[in-house]
Every structure is written in C-alpha cells, then in structure tokens.
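Here the structure comes first, spelled out in structure tokens, and everything after it is commentary.
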Protein chains: 2
Amino acid sequence: MWVLTEHLAVESLTDGCSDCAIRTHSICAALDHAEVETLGKLGRRRSLKAGEPLIWEGDESLLVANVVTGMLKLVSSTADGREQVVGMVYPTDFIGRPFGATSHHSVTAISDATVCVFSRSDFDIFASEHPALEHKLLERTLEELDRTRKWMALLSRKSAKEKVAIFLLDMAQRLPNLNTGSVREGAQPKFELPFGRPVIADVLGLSTETVCRQLTALKREGILEFPTRRSIRIAQWNMLESVTRAE
Amino acid sequence: MWVLTEHLAVESLTDGCSDCAIRTHSICAALDHAEVETLGKLGRRRSLKAGEPLIWEGDESLLVANVVTGMLKLVSSTADGREQVVGMVYPTDFIGRPFGATSHHSVTAISDATVCVFSRSDFDIFASEHPALEHKLLERTLEELDRTRKWMALLSRKSAKEKVAIFLLDMAQRLPNLNTGSVREGAQPKFELPFGRPVIADVLGLSTETVCRQLTALKREGILEFPTRRSIRIAQWNMLESVTRAE
DNA sequence: CGCCGATTTGATCGTGGTCAACAATAGTGG
DNA sequence: CCACTATTGTTGACCACGATCAAATCGGCG
C-alpha cells in the first residue's frame with residue numbers, strides 16, 4: 001500500500017504540533033503558537049488502515065478530526081441501503097460535524113491514513129472561544145459546499161466516460177502534492193492510484209465494469225497507459241481534457 | 001402566481017428590521033437589536049419575479065442575501081453547457097458566497113420572491129466584526145452541506161419514481177410552513193406547487209416527460225390526485241412514503 | 001507452477017432520454 | 001361568452017447508456 005507522507009505516520013501529538021506536517025495548511029493555521037499547543041493537548045493521533053471506518057452514518061457526532069496523511073471517503077446511504085460516496089477527503093482537510101447532533105454520513109479510510117482526532121464537545125468549546133478558527137472553518141466549509149455542488153452536477157449530468165476522465169485529471173493534480181496540502185501546480189503525467197477500480201466506481205456512482213470499459217477505451221485511443229494495475233500514465237493530457245467536455 | 005407571505009412583499013428596509021418576517025429565523029437572529037439595525041442599513045430589499053436571475057455562475061461574487069419570501073434555485077453548469085440544480089433556497093435561507101472571489105453557481109427565482117441584499121464586501125467586514133453572526137452562518141453552512149450531500153446520494157442512486165415521491169413529500173412538508181421558516185410539523189395532504197413540471201424535472205435531474213410519466217403512474221395507483229395542474233393531493237401518504245424506498 | 005482476488009471482456013436487459021404528436025389549460029381579444 | 005392562440009402537460013415510439021450476470025484473463029505471491 002502506498003502511504004502518503006509516510007515519514008510522519010507514527011508522530012505523536014505529545015511531541016507538540018509545531019512540527020506537524022499540516023500545521024500551516026489545516027484550519028490550525030488560524031491559530032498562533034500557544035493556541036495550537038492548547039488545541040494539540042485536546043487531540044490525539046490515530047492511524048487507520050485502508051478500509052477502516054472512522055465515523056458511522058447516523059451515529060451521534062462524537063469526534064472531529066484533521067487529516068494528516070492518506071485519503072478517506074464520505075458515504076451517504078439512502079433509506080433502502082444503496083450507497084453513494086458524497087465526498088473525498090485529502091490531507092489537511094477537516095472531518096466531522098461540529099455543533100451538530102449526528103453524523104449524516106460515514107467516514108472511511110480508502111488508503112492507510114493518519115488523522116488528528118478531537119472530541120467534538122472539546123472542539124466545539126475551543127472553537128467558540130477562537131473566532132479566527134471558526135472563520136477558517138467557515139471558509140473551508142463554504143469551499144467544500146462549492147466543491148460538493150460541482151460534484152453533484154457531475155454525478156447527475158456527465159456520461160461514464162466523462163466522469164472517468166474528470167476523476168483522473170482530478171487525481172493527477174491532487175495526488176503528487178498531497179504531502180504539501182492543496183497546492184496544484186503543473187500536473188504529473190504519471191501517478192499511482194492509492195486504491196483499485198471498485199473505489200473509483202464507487203466514487204463516480206458507476207459499476208466497476210463500466211469504469212473498466214471506459215479505461216480500456218481511453219487506452220485504445222492512446223490517451224492513457226497502464227504500466228502496472230495501479231499506475232496510470234496520461235499520454236495525451238489535452239485529449240483527456242477534451243473528453244471531459246462531452247464526446 | 002402564488003406569492004409566499006405576500007403581505008410583506010413591498011416592505012422596505014428603511015422601515016427597519018425589527019418587524020422583518022424572518023428577523024428571528026434568519027442568520028440575523030444571532031444579532032441584538034442595535035446590531036440588526038446596523039446591518040439593516042447596509043442592505044436593501046429586492047423583489048424578483050419568477051424566473052429572474054439574481055446571481056450568475058462565474059461572476060465575481062458581489063452580493064449576498066437573505067431570502068424573505070419565495071423560492072430560488074441554485075444551478076451549476078458543466079463545461080459543456082448541461083445544467084443541474086444543486087440546491088433549493090427557501091425563506092430565511094442565506095444566499096451567496098461570502099469570503100470568496102467568484103460564485104460557482106447561478107441563483108434564480110423559481111417563484112416570485114423577495115430578498116434582502118447586501119454587498120459582499122460590506123457583509124464580509126460586518127461578519128468579521130461579529131463572531132456570533134459568523135458562527136450562525138457556519139452552522140447553516142454545515143447544515144446545507146449535509147443536505148446537499150444527502151441530495152447528491154438521492155440524485156445518483158434513486159430511480160425516477162423514487163425521486164418524484166421524495167420530492168413531493170419534501171414539498172408537502174416544507175410548503176405549508178414557508179412563511180414561518182423551517183418548521184415542519186404535521187404534513188398537509190394537499191398543496192399548491194409554486195412552479196410547473198419542468199422545474200421539478202430540473203431539480204430531480206430528469207426530463208419533463210419522465211416526471212409526467214411517474215406522476216400519472218402514481219395517479220393510476222391511487223396515491224396521488226391532481227384537482228388542478230398546480231395542486232397535488234396526496235391520497236395515500238403511507239403508500240407514497242413506501243415508494244420512496246424502492247419499488 | 002498454481003492459486004486467489006482483482007480486472008477485463010462479453011451478452012443481455014431495463015431505465016430513462018429524445019423526438020414527435022397530441023391534449024388540456026390559461027390567456028387574449030372580439 | 002366564445003373562439004383562437006400560446007403555453008404547459010401528457011402520451012407514444014424508439015434508442016442509448018450503463019447495470020447486471022457470467023465467464024475469461026491477468027497479476028501477485030506462496
């Protein structure tokens with residue numbers, strides 16, 4: 001399993017937050033040194049293996065967290081059991097539902113991951129006393145809402161092929177820089193997927209088979225290459241981008 | 001056209017906010033009397049006719065607003081022109097994108113509506129000086145994010161029939177109480193739609209024809225009745241609820 | 001080399017979109 | 001009040017996309 005920024009995987013919070021990899025990219029950036037230390041005392045590091053759940057849908061909202069390394073998915077299930085991934089969580093992202101009674105979706109690791117966990121009530125109180133933190137959280141929540149709405153339009157209006165293309169471009173831009181936060185400069189034409197086809201299907205609201213067919217179609221067209229199962233090389237970036245906007 | 005809480009449609013902000021219909025249900029509830037008056041001086045009332053746009057997708061984010069009466073839709077378009085409704089806005093809801101450069105979706109009235117508009121920069125500054133307001137806004141944004149994610153699961157996983165059923169139940173619970181905010185007690189079995197089939201289709205990510213077919217199907221099954229085009233009677237509430245969870 | 005899970009390919013089917021015709025309603029002016 | 005028109009809603013025929021089920025193939029690992 002490919003671990004993102006693995007050199008920090010065993011770091012403990014008792015070491016303090018000042019050398020935290022995401023210190024300046026998470027919501028903690030809103031706090032000064034002393035405040036971060038105070039908040040740090042309320043939290044603890046937790047490691048998750050790929051597939052391990054952190055929060056269950058419908059449970060009382062007991063914890064919130066910052067993602068330090070790895071990726072997680074948010075899943076919402078309809079009343080009759082069908083599920084849909086409603087969000088992907090990257091390092092520096094904030095997880096959980098402050099100020100709320102229950103979690104409306106589950107949170108599960110899709111690669112090995114490390115998170116910095118707080119009890120929700122502790123966090124709520126701390127946040128209320130630190131408007132700058134709440135402001136940062138508000139900004140992030142607004143951004144997340146924008147992203148979620150865009151994704152929603154994608155899910156309901158894009159064809160399978162477009163979805164796959166968009167997913168790959170997204171991944172290619174996000175993955176190489178995961179350890180440094182949300183920076184997305186020049187794209188890497190080759191990258192390793194931290195998970196398999198079923199997860200892609202899950203995220204895009206497609207079946208595994210359909211994802212496969214689209215991937216092989218893109219390979220046949222010379223747009224993609226697969227050196228190994230988990231690695232993807234984007235041979236024709238521009239072509240892939242044009243697939244994005246209808247066929 | 002059916003105007004929600006029409007008695008306030010011409011109220012002017014120069015009358016002050018103290019008798020505003022949504023004074024205690026919007027984010028303004030976080031403010032005390034003096035603060036509300038200060039904020040009120042920054043805003044102005046604006047009436048919108050059904051179909052009239054308030055904010056264009058991609059535009060610089062210049063204004064934010066509270067919805068006083070009526071309903072609006074948020075629309076996100078994909079790069080190639082296809083559109084999807086990504087949110088419905090009810091009275092007391094907050095519109096717009098504070099602290100952000102651009103609007104990521106358009107906002108358009110789907111019934112006649114009244115909104116209380118602020119310049120985004122004015123609002124940003126005022127909000128920064130009033131943590132209680134920001135806190136309220138954060139709570140609302142978190143709720144909206146939860147709702148949006150639920151809706152996302154619905155859009156990608158539910159069948160046409162289920163979507164229509166869910167939409168009607170939602171409407172039936174929200175509509176009768178629109179003027180009093182988000183209260184949703186006992187459901188009214190009959191109500192008037194403030195818009196036509198095309199808008200329903202739009203919201204559910206379906207074609208008008210499909211919405212029609214599902215509605216007539218539900219009529220044939222004795223679950224619904226249509227006294228007029230715009231009014232809907234839910235003859236079998238329980239039946240409709242069970243349609244909601246697969247067929 | 002042989003096994004197991006992940007991926008790929010193939011065949012079939014159902015849902016919902018599209019295009020086209022038709023019906024019903026709401027407006028409009030005589 | 002009644003044509004007449006424009007708009008909105010309804011129905012039908014057909015088709016494409018993607019789901020599903022089943023089978024084949026690949027790749028990693030003992």
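Here is the naming used below: chain letters follow the sequence lines, and residue numbers restart at 1 for every chain.
Among dT7(C), dG16(C), dT10(D), the nucleotide with an atom closest to any side-chain atom of C212(A) is dT7(C). For L206(B), taking side-chain heavy atoms from C-beta onward, the closest of the listed nucleotides dG17(C), dT9(C), dT18(C) is dG17(C).
Look at T216(A) and you'll find a side-chain N or O under 4.0 angstrom from OP1 or OP2 of dT9(C). Distances shorter than 4.0 Å separate none of the side-chain N or O atoms of T208(A) from OP1 or OP2 on dT8(C).
Between the CG atom of D202(B) and the P atom of dG9(D) there is a distance of 13 Å, rounded to whole Å. Rounded to an integer number of Å, the gap from K158(A) NZ to dA16(D) C1' is 18 Å. Following rounding to the nearest Å, R220(B) (CZ) and dT11(D) (P) show an atom-to-atom distance of 7 Å. Counting to the nearest Å, the P atom of dG18(D) and the CG atom of L215(A) are 14 Å from each other. Here dG14(C) presents its C1' atom at 14 Å from CZ of R213(B), a figure rounded to the nearest Å. Atom CZ of R82(B) and atom C1' of dG17(C) are 13 Å apart (whole Å). The nearest whole Å value for the distance from the CD atom in E209(B) to the P atom in dC19(C) is 10 Å. Atom-to-atom, CZ of R157(B) to C1' of dG16(C) comes out at 16 Å; the value is rounded to the nearest Å.
The base of dT25(C) does not come close enough to the side chain of R229(B) for any donor and acceptor atom to sit less than 3.5 Å apart. Side chain Q214(A) to base dC17(D): no donor-acceptor pair is found below 3.5 Å.
Side chain of K73(B) to backbone of V85(B): no donor-acceptor contact under 3.5 angstrom is found. The backbone N or O of R197(B) lies less than 3.5 Å from no partner atom in the side chain of T208(B), so there is not a single donor-acceptor pair.
Of the candidates I110(B), D93(B), L74(B), M88(B) forms a side-chain contact (heavy atoms from CB on, under 4.5 Å) with just one, namely I110(B).
Comment: E221(B) engages K161(B) in a salt bridge, judged by a side-chain N to carboxylate O separation of less than 4.0 angstrom. A salt bridge links R147(B) with E144(B): the closest approach of a Lys/Arg side-chain nitrogen to an acidic carboxylate oxygen falls below 4.0 angstrom.
Nucleic acid contact for S207(A): base, since at least one base atom lies under 4.0 Å from a heavy atom of the residue. Contact annotation for S159(A): backbone-only contact, meaning every heavy-atom pair under 4.0 Å involves sugar-phosphate atoms and none involves a base.
Mapped onto DNA chain D by nearest heavy atom, G205(A) and K219(B) fall at different nucleotides, with K219(B) at the one closer to the 5' end.
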